[in-house]
Amino acid sequence: GGEPTESTTGGGAAAGGDTIKVGLLHSLSGTMAISEVTVRDAELLAIEEINAAGGVLGKKLEPVVEDGASDWPTFAEKANKLISQDKVATVFGGWTSASRKAMLPVFERHKALLWYPVQYEGLESSPYIFYTGATTNQQIIPGLDYLKEQGKTKIFLVGSDYVFPRTANKIIKAYAAANGMTVLGEEYTPLGHTEYSTLTNKVVQAKPDAVFNTLNGDSNVAFFKQLKSAGVTAESMPVLSVSVAEEEVTGIGVDNIVGHPVAWNYYQTTENAANTKFVAAFKAKYGDAKVTSDPMEAGYNAVYLWAEAVKKAGTTEVEAVKKASGGIALERPEGLVTIDGETQHMYKTARIGIIQPDGLIKEVWNSGEPIKPDPYLKSYPWAGSLAS
Amino acid sequence: MTALLEVRDVSVVFDGFRALDGVNFTVDHGELRFLIGPNGAGKTTLIDIITGLTKPTTGTVSFDGSVINGKREHQRVRLGIGRTFQTSVVFEELTVLENLDLAASFRRPLVSLLARRKGVTEKVAQALETTQLTDLAGRKAGVLSHGQRQWLEIGMLIAQGPRLLLLDEPVAGMSADERARTGELLTEIAKDHTVIVIEHDMDFLRRYASTVTVLHEGKLLIEGSVDEVRADPRVQEVYLGRAREEAAHDVVS
Amino acid sequence: MLSVDDLEAGYGRARVLFGVGLAVEPGQLVCVMGRNGVGKTTLLNTIMGVIPATGGTVTFEGHDVTKMKPHERVKLGMGYVPQGHETFPQLSVLGNLLVTLEASGNPQSALDEALDVFPRLKPLLKRRAGFLSGGQQQQLAIARALVTKPKLLILDEPTEGIQPSIIIEIEEAIETLHASGIAVLLVEQYLDLAMRLADRYLILDGGHVVHAGTAADLQGEEARKLLAV
Amino acid sequence: MEGILNQLPIGLSIGAVLLLIALGLTFTFGQMGVINMAHGEFIMAGAYTAYLLQDFADRNAVLVALPVAFLVAGLMGLILERTAIRHFYGRPLDTLLLTWGVSLVLQQVARDLFGAPNVQVLSPTWLQGSLGPMPYNRLFILLLAVGSVVAIWVYMNRSAQGRRMQAVMQNRQLAATSGINTGRVDQRTFFIGSGLAGIAGVALTLIGPVGPTLGTYYIVDAFLVVVAGGLGQLRGAVIAALALGLLNSYAEFWTNASLAKVIVFAVIIAFLQFRPQGLFVLRSRALT
Amino acid sequence: MTATLEKPPVTEAPVKEPRDWRGPALFALVAVIGLVVMPLVLEPFRLGLLAKYLTYAIVALGIGLAWGQGGMLTLGQGVFFGLGGYAMGMHLKLNDAGDGLPDFMVWSGVETLPALWEPFRNPVFAIAMVVVVPGAVAWLLGTLVFRQRVRGAYFAILTQALAAAMVILLVGQQGLTGGTNGLTNFFEFFGQDVAADSTQRGLYFTVAIVLGILFIAAWQLQRSRFGRLLLAVRDGEDRVRFLGYNPATVKTITFTLSAVMAGIAGALFVPVVGIISPALLGVVPSLELVVAVAVGGRFALAGAVLGAVLMGYAKTYFSEELPDAWLYLQGALFILVIGLAPKGIIGFLRRKDVAA
Ligand SMILES: Nc1ncnc2c1ncn2[C@@H]1O[C@H](COP(=O)(O)OP(=O)(O)OP(=O)(O)O)[C@@H](O)[C@H]1O
Ligand SMILES: Nc1ncnc2c1ncn2[C@@H]1O[C@H](COP(=O)(O)OP(=O)(O)OP(=O)(O)O)[C@@H](O)[C@H]1O
Ligand SMILES: NC(N)=O
Ligand SMILES: [Mg+2]
Ligand SMILES: [Mg+2]
């Protein structure tokens, strides 16, 4: 590296001087800030650690932080800015699928790289995005497997009204149809919705064995508080969430959610050396009261995975990094993570956890080994119609 | 020839309060009619009914032979009914000239309003002159004093060119010479228009009125010449009072 | 008791009053006259502090009130009836009177006395002031000022829009107040009324005091010419 | 069937929440004509007050917080009024923009003080459980709303202060020349209106998230209640809040949350066709 | 009876009023800067941002007309912006999709193209809809509410509710509208590669010229009798009725015009920025535009335009420089400008101008 790039669309060799610029693009304001700020923090931690260890290709990483402001067009604009103005080598960013969809054409057009750290609905595989969070077969399907195993066959679907929950629920319904489960109801509420008494009534009236929850953000707080006061407990009707992590538990109030299951690939309590180090480093940097969660860990991983690929490629040039990335395997806090070169998704271990009275999550089940990412669910016969 | 304005059996009830109670009121073409009565008698309400600001609870209003009850305010203006307000309302952000020009332009088709005003139409010029506001023509109406606003209202009414003019206490707050000027103006206009004036100034009435209608507690009390009305004991009782200087005045005149 | 010296005021950049001076002695009734737009209302508004004075001073009973807020002037004993039948339209007639009474801290009797001056308001007490007729509102406006039991009552064309018999009553009321030692500053367009009531008068023109004198002088040719009678 | 019946108390409790968040606006918006977009952030301040008081009052923080939040939010309102809003009386649309700027700043302040994530406010143990389909904490909110309404009604209609407040709103200049200290009245009115937002904030901790953007979730609804009820009309606000609560409850029951919101908006627009100034109108003869 | 007062208007004697050339001169100067200087000095990314601000300026122009001149504070202008944007976005999506379905329909499980989409294949139809749909919605809403004399804060809150409802509706119809994501990932714009620098440059000129034309039109309107009438309606709607005009008509026309402007702006925004999503037409962006107008000076059309460009720039600048705390600055900026210069920057400049 080190050569100033001659083309503005390269994005790769943006390593003039002694540093390599990387972009961090998350919502630091607006509704999504609640979740995304901590992901940014985790990414900054990774950059700091990598720099402390000597950087990449002998150069320090220099983060350029931008605010996506919970607004998708802003994500597109800032992505554009990072690529064409700051000439960053890569960008780590996004949370909602909507923000990713808005950024996607920008990265594809400039042939620049985005590392997207959150679980999502699958059915996508952009050549310029690396997906370090779970795709559906690494989170939702294991979650359903778990419910089935527990004998919860009548389920009720509750989600925020946007692409991730809607797509997830489509998959869930296909799964249910193929696995002898029944879906008793499917309800969506706008993002930021806080009045759940009616929805709770509907759920209670339907008498499901369990609820599959794809609500996002603040709605979870209102939903669980109001569910609790309607007398619903984890024993009587477990609610399996796929967007509630340690971070959200505090805001919801442990009281209101204790005992309910969640599906992720990582918990703060996940036991391995890498995680012990990660949790300790995070708390040291941001305070003891802070918790770590799956999307934070996925963001943290993304920086390391990219750095590894750059080292392997010997350059930050995008095509070279892409080519070098396939097969890279690192021991991460969540366990072994391997980049699937074909889909640019990760091999990840699925984990079901139960929320504990101390606000942390205890793993009760895992997939044993990393699951190969299958964003289009090609290996699931019942999913045939979904990926068309 | 039918009367220009015919108010038939009009009653108005506001939350149980009867402001007008079966009023019949007819004004012929070309008349200059004065409307008096105690404070709260319903004079302004009657004008509100005629101009559409208030809907009558019962009764009809006919203008030029046809009933206009269902018509909206601006439609009545288009028929030729114009008015001024007891508390004058002018457009403070517009200049005096623009206020008058708007009043004069309502018959133009809407599209023609898209053109800029160039210069001053004759009607507006005439209204400016009549109201002696020429010096203030370029000033915003917001800076006018109480009395100047009243003049502007009168000017707008003139520029509007209605067939029936309704003036609600036009000389209240005017100085003596302005009252005289208004009186002349009304007499002049009344030559070929129908005019109804509400006034409390009895000197003014004596000087310029011919027929007077007296309202009291929402009902028609009496209708007649100024002298007849002034002589009526009921009018003296409820309206005029026994002025200490009355006698003196009568001697003077 | 009220002394206005060299008063200057206006609106924005437009100057309206130019060095106006006037004095009201205790118990005196002073009448301000002049054609439309000469600055009478502006003068009263400046005296009351509604418009800031840009020059000169207003002194009331020895206090320099030039910089005081209107409500502080009311506390000192200045009562004001502005031009144009002003009310609190959504409050009842009684509410209009009560709110002023409470602000003044006077006893209930002050309200009863004011109502005795305007008995026609009594049946209207429960009505919303905004629905009253113009003349009724004006009567309410004067009554409201009386409720504060002012030492100096300032009235801007109080008889505007009022039926003849009540004008007479108002005139009598002003006379009674005057007789009881209250000073009055009055703007009035009716010369005969002014002549009957005023101890002193002054005539404004173009924001200047162009004539001042006793009531008897009002008969004078010059004064009449200035008023264009 | 049971579901349908349950929606009735649910509707009432939604109405109570709407009412509580809107009550403060009957002062600042209805009485003073100030479109205070920072109202939502005063609600947020109330909620964070409850959060902070947990250190002292533990699970009873909600109760202790009610008067404290009233003061905290009230003082914030007072400061806003003194420093900015008082220059804008009679220009409601300008205050909207000004206070919106303030609301952005306050959100950012909260984010810096308390962090972007939501915080936890534990509800009192004695509010756990329910009376039929009506959870105790909803009942608590309902009672709080009723209590506030009564207190406000007495203040507005039976106290000298309330009358003074109305007088200033209706004719500022006349109020001043009638001997009313308009500045003081403005301060008091704004203090109370903002303080009520604080109380609403405390109540909301029982049922919703406590975070920097809390206010934004309620602000549009709060204004709709006030508008549908008729500006400054307490009984209008009460009826509108309950009606909208019930409408929302049944509309959502039969359709879904998104459509229910749309239906509520559509009904309000349709309703204003018949009552352009809201349920209860302060009419006057004056032309505008 | 033919009365002197009833004579039809006589010919208007032209009065020589000295012509003020400062306005047109300033306009020409700004036009030169916008059309010559900016494209020369700005790199493509920045020029693209400027084009975006100029689309906001078009919306602001409409707000300036409706609010500044007509007193209708519309807090839902994003709705019309969005309608125009979606009309354009639908066409571009269909154009890109060829015979297939737009990408989001595929992952939303839609199997056949909804009938609503079909006509948008036709570019002429789509462009017509950019104007017709926002105009029609505004006309309908205006007719309904203005006839009933809904105004002031009521109107403002109502339009805000409209924006909120519209967002929820769009989000809820994912298969038809793309849901929260909106429409994005466009490739071709009327035969050009939408992302190419040359296309973007061309778009910049288009936006600037459209803005210029609309500005002149709005300016003429403001100075016309209709403009005076509009002011009169703003300040005394009831009184206007007694001058023989129907204020509801005046307001509806103006509101519709402002909606059409917003629609055009939305349609231009789509190829410039490459996305249209519900987030762009909600309560917050609508408010931001109104604030921009207030900051610039709502009583002058130039103020509206200036405010939009300035606020757009300030937002970009602050958020780039201080991503963690830019909201402080943005909020403080509103407070300062509205607090210190209630008539906005233009009002402030003019006052200086007169005082000097
Ligand atoms: N909108 C209304 N609501 C309630 N009462 C009303 C309304 N309009 C008028 N009134 C009442 O109707 C009566 C008649 O009022 P109106 O204004 O017509 O009197 P007026 O004869 O014009 O009196 P003035 O000479 O004082 O102007 C008054 O008692 C008034 O209070
Ligand atoms: N708000 C204002 N802004 C600017 N100028 C004003 C304003 N109010 C009044 N003026 C101007 O000040 C001058 C004096 O007005 P003022 O109201 O004091 O007159 P006035 O003597 O009371 O007249 P009237 O007898 O008509 O009530 C007038 O020429 C008027 O144009
Ligand atoms: N990908 C998500 N959670 O939107
Ligand atoms: Mg009257
Ligand atoms: Mg005056």
Side-chain angles (χ1 to χ4, degrees), chain B residues 29-30 51-53 72-85 89-95 98-99 101-108 110-127 142 156-163 165 188-189 191-194, chain E residues 1-19 68-71 146-149 217-254 257 298-300 343:
Chain B
H29 289 273
T51 55
L53 187 58
R72 291 174 157 235
E73 297 94 314
H74 64 276
Q75 293 170 324
R76 300 188 192 207
V77 173
R78 292 180 166 270
L79 290 176
I81 304 178
R83 73 174 287 182
T84 65
F85 289 87
V89 198
V90 297
F91 300 110
E92 307 200 343
E93 280 297 308
L94 303 185
T95 63
E98 286 166 345
N99 267 281
D101 184 71
L102 264 193
S105 304
F106 75 97
R107 288 193 192 280
R108 292 168 190 261
L110 208 53
V111 277
S112 82
L113 294 182
L114 291 177
R116 280 184 74 191
R117 174 180 60 79
K118 296 191 193 67
V120 181
T121 60
E122 207 170 282
K123 274 210 285 189
V124 172
Q126 186 193 331
M156 284 159 77
L157 186 61
I158 292 173
Q160 203 174 36
R163 297 164 64 190
L165 292 81
E188 178 65 28
I189 293 175
K191 282 184 186 149
D192 43 16
H193 289 77
T194 311
Chain E
M1 48 176 259
T2 48
T4 47
L5 296 184
E6 268 180 69
K7 278 185 198 151
V10 208
T11 49
E12 300 178 16
V15 170
K16 285 257 181 287
E17 286 169 25
R19 198 151 174 179
Q69 306 296 314
F146 295 137
R147 200 193 44 196
Q148 288 304 322
R149 306 182 187 184
W219 194 41
Q220 284 302 334
L221 187 77
Q222 182 201 356
R223 299 185 328 154
S224 72
R225 277 203 172 90
F226 187 88
R228 305 288 98 185
L229 182 55
L230 192 56
L231 282 187
V233 168
R234 178 188 78 191
D235 294 338
E237 180 174 337
D238 290 336
R239 182 67 173 96
V240 166
R241 296 176 212 283
F242 293 97
L243 293 186
Y245 304 96
N246 186 358
T249 311
V250 177
K251 287 171 109 173
T252 305
I253 290 174
T254 312
L257 280 179
R298 71 175 132 124
F299 296 111
K343 293 197 166 170

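Throughout, a chain's letter reflects where its sequence line sits, starting with A, and its residues are numbered from 1. Note: hydrogens, waters and symmetry copies are ignored here, and every other heavy atom, side chains too, is used.
Interatomic distance, CZ of B:Arg108 versus CZ of E:Arg225, reported as 4.0 Å (0.5 Å rounding). B:Phe106 CZ to E:Leu229 CG: the interatomic distance, rounded to the nearest 0.5 Å, is 12.5 Å. To the nearest 0.5 Å, the span separating OH on E:Tyr245 from CZ on B:Arg78 amounts to 8.0 Å. Distance check, rounded to the nearest 0.5 Å: CG of B:Leu94 to CZ of E:Arg234 gives 8.5 Å. Between the CE atom in B:Met156 and the CG atom in E:Leu243 there is a gap of 4.5 Å [rounded to 0.5 Å]. The line from CG of B:Leu114 to CD of E:Gln220 is 10.5 Å long, rounded to the nearest 0.5 Å.
B:Glu98 touches chain E through its side chain: at least one heavy atom from C-beta onward sits under 4.5 Å away, while N, CA, C and O do not. For a residue to count as touching a neighbouring chain, one of its non-hydrogen atoms must lie under 4.5 Å from one of that chain's; by this rule B:Ala115 touches chain E with the backbone only. In this structure, no portion of E:Val250 lies under 4.5 Å from any heavy atom of chain B. Only the side chain of B:Arg72 comes within less than 4.5 Å of a heavy atom of chain E; its backbone N, CA, C and O stay farther away.
At least one donor-acceptor pair under 3.5 Å links the side chain of B:Gln160 to the backbone N or O of E:Phe242. Side chain of E:Arg241 to backbone of B:His74: no donor-acceptor contact under 3.5 angstrom is found.
Closest heavy-atom contact between B:Arg83 and E:Arg239: O-NH2, 4.2 Å.
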request  = Starting from the C-alpha separation in whole Å, work towards a yes-or-no answer on side-chain contact (heavy atoms from CB on, under 4.5 Å) for B:Val89 and E:Asp238.
outcome  = CA-CA 10 Å; B:Val89 198; E:Asp238 290 336; over 6 Å; no

